[in-house]
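Scope of the values below: all heavy atoms of this structure, side chains included, with no hydrogens, waters or symmetry mates.
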Amino acid sequence: MVTNFQIPPVMLTLQIDSSIPCISPLGEAIHSLCLYATDSTECASQMQLAVIEAINNIVLHAYHNRKGNPITVKWNNENRQLRIEITDFGDSMTAPPIPELAPWDAENGRGWWIINACVDEYDYKVVFCDPQNAGPETGKPVTSPEKANILTLIKHY
Amino acid sequence: MDVIIFADRKGQELLPLTDQTCVPLLPLAGKLIIEHTLEDLVDAGFRQAHIILSPFAEQVKQALGNGKRWGMTLSYSTSRGEGSALAELRRLKQQPKTPFLVMRGDVVRSRSLKDFLLQAETADIPVVPALFNGANAYLLVCRNVLEPLLHCLDWTVASPTFAASHAIDINGCVARLDSLAAFHQANLDAAAGRIAGLLIPGRQAAVGLTLGRNTTANPQNLTQGIALIGSNCHLHPTVALSGEVVIGDNVIIGSQASLESTVVLPHSYIGELVDLRNAIVRGNDLIRIDTLAILKISDTVLLDDLKNTGVLNKDLEATINRLAGVLLLLLSLPLWLLALVLALSQNRGKMYSVQILRGNKRLMDDLGVLQRTAFKAGEWQVKPPVLRYLPRILAVISGDLRLVGSLPVSLAAAEKRRDQWEKLADQAPAGLLGPTQLNLPIAASDEEKLLSDCVYAANYSGKANALCLLQSLQALMTRKAWVG
Amino acid sequence: MILQHRSHNDIDVVQLSGRFAMADCGEINLSIQDLINQGHGKLLIDMEKVTFIDSSGCAVLVAAYKSLQLKAGRLVLVTSPSVQSLIELTRLHTIFEIFPNQDAALEAM
């Protein structure tokens, strides 16, 4: 007899600083979490790759490679769906770029292509938030602008 | 026996067809090119194969999957493309066990694999290449991985050199698909059965006419020759096909288009009155085989127009409607008198007005597109709707309106219908009476009326129209008909 | 990330292991470009033990390929499954010469 023990809906929040050495440990954490939830190394690797590409973009383009800014990653598993929400308070994009493959000899510009291929859905929005919420609990610096960029990555398994 | 399939052509020679895909995924007579090779293998009893891919490798993997559809197990690896077969084989993580079968999956050959294998068994040489009627078939049995004779599988080697005595020459043909003209010809050859043994999908609808599922086409579409049409296609009844024509899946062809010796790739759209000969159509691109010129075809036919023709142009129904209009006019004569009297008493200045509305007659405009024409609809300037719209009976007699139909609208209002759901209402003919006219208050918003017409168009049937007529008799007795 | 370098005849062999991500890319890129500048134009990058690679890792490989092209040299890669899948995802397999293991690669060079 096969009994399928379902993992109950779980939500976890991780937070890192916007510095490059923080990205890899976060990637490993995401990989482990996804592997735990899905039992599929392929799914876990793809989720890790998508999250790392997204965070590379945030560190380089939203925070212009400046340390000391928060990046929040909410990991959520429900109904055979992994949902990862990445929030930053840096410069916003006007819209998520079109996932087009860069010419082979380009040395960057593959990130969105990879994210698009690794997840089933993604969604980018800029929300304006209450500066009252700033503080150590929210991880939002008091001096931050009043908006947050939220990238949501969704993958079914 | 292990099977290695090379499907690593870069596809330069088939541009622009290979700008978004690769050669093994191009269609040939209703199937992907590589599917013909897989079917040949299954037929010869093979149940597994390893495929070496290059450009758009992920698309091939997605299209073929693990091979279950053919009862096979498929594995894949990638290469830079068009490399030497010898080097590519040595690069494989898992070396094939000798003897093994190697072939190209991005050419098409007639189904002669079984014959070849039978003869190859007896040949006592390290590599047995196949010749089909003297031409390199890109197919060989190999007993030694390091055999330089493998180069007859290389795409870049124009004519491999090997002693004919060391090859097996059997009856069959190979389509190299090494130019747009060759691709075009191979499709026509496959449809006409000149590449023996290919499994061609579809059912024989008439002599020479093979149709895929969900396809609407008439036997009279084929004026002469052979046509192979894929699934989910719409061919207008006036389309003329001649010579040999191959049409892929999900293709729409507008009225009076004529196609001769043409290959239409899936998801293409051919407008009205387009005349094609010796061409390949891919989406909106038209490639002329003789000049290799690439043109854009303008899609003048709207999708919904194609669906419309059934509802709007039934001649018998139109005549019955017009006769009913005459009858209704006779019956309503006393009401006309009443309307005249009321109009005279209520209005000093204007007792009759004229509106321009869009009717059901259709004429070709300057661009050659059929458009519904406008007509003049009169109105008595009186309050009771029954009397007010009496002059529209004249439009029923003239054929501009049906007895039962959607609410006629002005040309400007019809122009504003741009969304797909809004256009649904245009699929039904406009009428004197109808659910919208009967059930909605006159003051209802345009959106409400449009929505009601959409529902009517979606459920269009003779029975619904008859019920509507009965309902209007009943409505004649209501307060709404006389007060508004 | 560990980078080991050795020479095999006139071939420079770079062996990478662990994660090949943005944090390590700067240094790896410098070392590889140095090797290309000083070497004989034959470079083998062995990534059989690389567990993770992202687009910045790909960029290092592309930069190495371009530098070697200028020198009319040759770049040969050995990949792990995760490296191979990213290379295929970004369609770079049509550019790079890839071998299943170091021995096969050295033999071919």
Cut-off 4.5 Å, heavy atoms of chain A, and the answer for C:Thr90 is both

Check the surroundings of atom NZ in C:Lys49: do more than 12 heavy atoms from other residues, nucleotides or ligands lie under 6.0 Å from it?
no

For residues C:Ser55 and A:Arg110, report the shortest heavy-atom separation together with the two atoms involved.
CB-CB, 4.2 Å

Between C:Leu89 and chain A, which part of the residue has a heavy atom less than 4.5 Å away: side chain, backbone, both or neither?
both

More than 12 heavy atoms of other residues, nucleotides or ligands under 6.0 Å from NZ of C:Lys66: yes or no?
yes

Would you please name every residue forming a ring-ring contact (aromatic ring centres under 6.0 Å, His included) with C:Phe96, sequence neighbours left out?
C:Tyr65

In terms of heavy-atom contacts, does CG of A:Asp120 have more than 12 from other residues, nucleotides or ligands at under 6.0 Å?
yes

Chain C contacts, top residue of A:Ile23, A:Thr41, A:Leu49 (heavy-atom pairs, under 4.5 Å):
A:Leu49

Mind ranking A:Ile20, A:Leu60, A:Asn108 by heavy-atom pairs under 4.5 Å with chain C and telling me who comes out on top?
A:Ile20

Heavy-atom distances under 4.5 Å only: say whether A:Ala106 touches chain C with side chain, backbone, both or neither.
backbone

State, to 0.1 Å, how close A:Ser24 and C:Ala21 come at their nearest heavy-atom pair, and which atoms those are.
OG-CB, 4.0 Å

Tell me whether the count of non-hydrogen atoms from other residues, nucleotides or ligands lying under 6.0 Å of CD1 in A:Ile98 goes above 12.
no

So what's closer than 4.5 Å to chain C heavy atoms on A:Glu28: side chain, backbone, both or neither?
both

Check whether C:Ile53 gets within reach of chain A through its side chain, its backbone, both or neither, counting any heavy atom under 4.5 Å.
backbone

Indicate yes or no: at least one non-hydrogen side-chain atom of C:Met22 is less than 4.5 angstrom from one of A:Ile52.
no

Indicate yes or no: at least one non-hydrogen side-chain atom of A:Trp104 is less than 4.5 angstrom from one of C:Leu92.
yes

Nearest 0.5 Å, please: how far is CD in A:Glu42 from OG in C:Ser82?
12.5 Å

Output the distance between atom OG (A:Ser45) and atom CG (C:Leu86), rounded to the nearest 0.5 Å.
11.0 Å

Around C:Asp10, counting heavy atoms of other residues, nucleotides and ligands shown, do more than 12 lie under 6.0 Å from its CG?
yes

To the nearest 0.5 Å, atom CD of A:Glu107 lies from atom CG of C:Asn29 at 7.0 Å

List the atom of C:Val62, the atom of A:Asp105, and the distance in Å for their closest heavy-atom pair.
CG1-O, 3.7 Å

Around atom CD of C:Glu27, are there more than 12 heavy atoms of other residues, nucleotides or ligands at under 6.0 Å?
no

